[in-house]
Amino acid sequence: MNRPMEINIWGGDWGLPSVDIYCLEVMAYAKFSGVPLQTCVTNNPFWTPNGRLPVFKHGKQVLSSLPEISAYLKQKNFSADFGLTQKQCADAAAYTQLLKEKLHLALQYVWWLDTKNYTELIRPWYAKALPFPYNYYYPGKYEQEAKKHLEALYDQDDDPLTIESSVYGEAEKCLTVLSVRLGDQEFFFGSHPTSLDATVYAFLAPLLKVPFPSPALQNYLKACTNLVKFVVRITQRYFPYAIQEYEAKKSAESGAQGKSDPESDFPNRRRYQIVAGIFATAAMTGYALSTGLVQMSTKDEVSENSADYKDLFQAAENTED
Amino acid sequence: MPSVLLTESLALELGDRTGNSIPAHEPWPQDVKLFQPYEVEQILLPDNANCLAVQTFLKMCGLDFEVEQRSNAEYMSPSGRVPFIKCGAFLIAELDPIISFVNNKGISLSDKMDNAQKADMRAYMSLVNTVLANAELYITWCDKTTLQEVTKPRFGSVLPWPLNHVIVWQKRSQVVKKLGVLGWAHKTLDEVYQEVENCCNALSVRLGNQPYFFGDRPTELDALVFGHLFTILTTPLPNNRFASIVRGYSNLIDLCKLVEKEYFERTAES
């Protein structure tokens with residue numbers, strides 16, 4: 001089986017290799033275990049087996065969640081967890097559940113249920129990334145899913161603000177626990193990244209890098225300096241291309257902005273001036289012609305010409321005679 | 001590194017989820033009551049595990065309480081889940097809020113532990129809360145034989161006809177919805193058993209040869225693990241594979257025996 005392993009993902013932005021938690025998780029895990037993986041940005045979950053990205057393909061194998069993929073990679077002798085003791089594996093399992101229990105809902109909330117984030121940033125981003133006509137369908141669908149998630153876990157009769165503060169409170173506790181556990185270490189179990197590091201990175205990186213309009217939870221994460229350093233370290237070491245792309249894009253944008261700054265109050269000024277000038281000239285000429293202010297002297301010329309022709313004919317006839 | 005203390009004290013001033021604010025260091029009152037469904041005829045596996053965990057936690061703290069059994073305990077609870085305690089003017093439901101309530105009285109099982117151990121404890125409590133609790137819900141409400149033979153008769157035992165059918169159906173759809181969003185509803189029974197196996201394995205490895213999870217003194221984690229494992233071991237179900245998975249880990253069984261001996265038989269004698 002020498003066919004390349006391939007993964008279809010959501011695209012990246014803001015210095016992230018992908019904006020989606022689960023895509024990031026699989027990508028980071030593959031990097032940590034040294035799997036040569038081709039990434040393919042599809043931004044379209046419609047043709048996937050269960051309506052979700054990422055999709056991992058290797059020959060006939062099509063898998064879509066990290067436990068399945070890591071089990072498959074283990075058969076192929078790739079794993080990020082070979083160096084762990086049994087106790088460390090148990091700890092990794094426990095912390096993974098902690099993230100899923102406490103942080104997952106909070107991220108869904110920040111992403112889809114915080115109205116300001118959703119309308120100003122998330123929905124436009126997904127609408128732009130998804131191809132037509134899916135861009136009208138998926139953002140709303142994901143919002144509904146997040147709403148369902150919240151309704152199933154919290155009493156709907158409660159005040160929305162109390163629910164929000166309780167969701168964020170749980171997430172903040174979880175971040176503190178992670179920060180304590182990481183301490184000054186490079187990764188959670190020493191100097192080598194493991195599956196737990198992949199999961200933590202996947203949950204924290206989008207929360208840290210996406211420029212949310214309402215950044216309550218993001219600010220809390222920024223205060224946990226060792227977690228911020230952890231995310232930056234992994235991005236720089238394993239996904240340098242994402243940062244480079246983002247910086248190139250940013251500098252291109254700021255360059256374009258710098259040029260158009262004097263005209264920023266009225267973009268494309270010269271073009272509008274020319275178009276307006278042409279329109280005005282055309283309108284005035286049309287009016288002048290239609291009211292007869294200016295008369296084209298085509299008739300006279302024709303009669304003159306025809307007179308000339310007559311002369312010529314007459315001259316010709318005369319010579320013939 | 002920001003401390004949780006700040007947000008917690010803020011929550012205290014503003015009032016917690018049940019709308020109560022808790023004055024610190026007021027002594028534990030005498031007439032604390034723990035409300036739960038009827039243990040013999042009504043209670044179901046997941047609720048029983050949670051009730052036992054709270055009872056164990058309070059006993060480990062050395063706090064007095066009386067168990068009140070009510071058929072409608074679930075509807076009396078401020079969060080809609082059992083058990084809940086009535087302590088003076090406050091109603092507090094579920095283990096986590098009860099733990100923080102007791103901590104605010106200056107009583108804690110984990111105050112001698114360092115921060116890293118506390119972090120580990122939280123992570124393992126999450127593991128138990130997600131894996132074991134969801135597996136219990138799955139077996140109780142999604143497994144067809146258990147639903148017909150155990151869940152429906154027990155849950156409906158306190159309700160008159162036709163409510164015993166309607167409410168069971170309503171409750172089931174609620175639980176299925178919750179399991180659905182957590183990604184458990186589409187699992188097969190074998191996958192659920194596999195999750196339980198993995199969870200027990202992690203717990204067993206972490207416990208090792210120690211009497212309790214963090215040395216010689218019991219912690220909140222021990223109370224939670226005991227609540228779940230003891231209930232799984234002692235609840236008769238049509239399919240006892242759940243219990244036999246737990247029986248495969250002798251050190252977890254030893255933990256259950258130790259906690260039972262220390263905190264339940266002693267009080268029964270006195």
Side-chain angles (χ1 to χ4, degrees), chain A residues 50 65 67 85-105 108 145-155 157-159 161-163 165-166 168-183 196 219-227, chain B residues 1-8 10-11 14-19 78-81 96-97 100 114-134 174-183 186 191 194-195 198-208 221:
Chain A
N50 50 11
S65 73
T85 63
Q86 271 197 318
K87 188 163 175 261
Q88 286 173 326
C89 283
D91 284 359
Y95 277 93
T96 308
Q97 291 299 338
L98 176 77
L99 283 166
K100 283 190 183 152
E101 190 194 357
K102 308 279 186 196
L103 211 50
H104 186 234
L105 180 65
Q108 291 236 303
E145 275 177 12
K147 227 177 229 167
K148 239 172 96 182
H149 195 158
L150 191 74
E151 277 170 10
L153 298 183
Y154 283 88
D155 201 350
D157 304 334
D158 280 355
D159 177 31
L161 272 178
T162 18
I163 293 183
S165 64
S166 142
Y168 283 169
E170 292 288 316
E172 283 168 8
K173 272 186 207 162
C174 171
L175 290 176
T176 314
V177 165
L178 287 175
S179 172
V180 168
R181 169 75 206 208
L182 182 62
L196 176 62
N219 288 341
Y220 192 89
L221 173 59
K222 280 182 181 161
C224 305
T225 41
N226 60 346
L227 292 180
Chain B
M1 190 182 308
S3 78
V4 220
L5 276 177
L6 188 76
T7 50
E8 270 180 354
L10 200 71
L14 298 173
D16 65 0
R17 235 183 102 194
T18 52
S79 76
R81 278 172 285 240
D96 272 340
S100 41
D114 60 30
N115 279 339
Q117 283 181 322
K118 279 185 193 165
D120 282 1
M121 189 183 81
R122 269 192 187 279
Y124 278 93
M125 286 176 79
S126 252
L127 178 72
V128 175
N129 275 335
T130 44
V131 179
L132 288 185
N134 286 339
Q174 235 177 51
V175 172
V176 169
K177 193 175 163 194
K178 184 183 164 190
L179 290 177
V181 298
L182 296 175
H186 64 268
E191 281 171 336
Q194 189 55 47
E195 293 271 350
N198 293 346
C199 170
C200 288
N201 187 32
L203 288 172
S204 166
V205 168
R206 175 80 206 195
L207 181 61
L221 177 62

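Proteins get letters first, then strands, A, B, ... in listed order; numbering begins at 1 in each.
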At a 4.5 Å cut-off on heavy atoms, which part of [X] comes close to chain A: side chain, backbone, both, or neither?
{"X": "B/N201", "result": "neither"}
{"X": "B/L203", "result": "neither"}
{"X": "B/N198", "result": "neither"}

Can you tell me if CD on A/Q86 sees more than 12 non-hydrogen neighbours from other groups inside 6.0 Å?
no

For the candidates B/K177, B/M125, B/Q117, which exhibits the highest count of non-hydrogen atom pairs separated by less than 4.5 Å from chain A?
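Looking at each option in turn, the highest pair count goes to B/K177.
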
Is the backbone of A/L175 close enough, under 3.5 Å, to the side chain of A/S179 for a donor and an acceptor to pair up by distance?
no

With sequence neighbours excluded, residues passing side-chain contact (heavy atoms from CB on, under 4.5 Å) with B/A133
B/H228

How would you list, by chain and number, every residue that makes a side-chain contact (heavy atoms from CB on, under 4.5 Å) with B/E191, sequence neighbours excluded?
B/K187, B/T188

Apply side chain to side chain donor-acceptor pair (under 3.5 Å) to the pair B/T130 and A/E101, showing each step before the final yes or no.
CA-CA 7 Å; B/T130 44; A/E101 190 194 357; 5.2 Å; no

In terms of heavy-atom pairs under 4.5 Å with chain B, which of A/H104, A/H149, A/K148 leads?
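Of the candidates given, the most pairs with chain B belong to A/H149.
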
Taking A/A93, A/A94, A/C174, A/A152 one by one, which has the highest count of heavy-atom pairs under 4.5 Å against chain B?
A/A94

Heavy-atom pair with the smallest gap, counting every atom of B/Y124 and A/K87:
OH-O, 4.2 Å

Below 4.5 Å from any heavy atom of chain B, which atoms of A/K102 appear? Answer side chain, backbone, both or neither.
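For A/K102, side-chain heavy atoms alone lie under 4.5 Å from chain B.
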
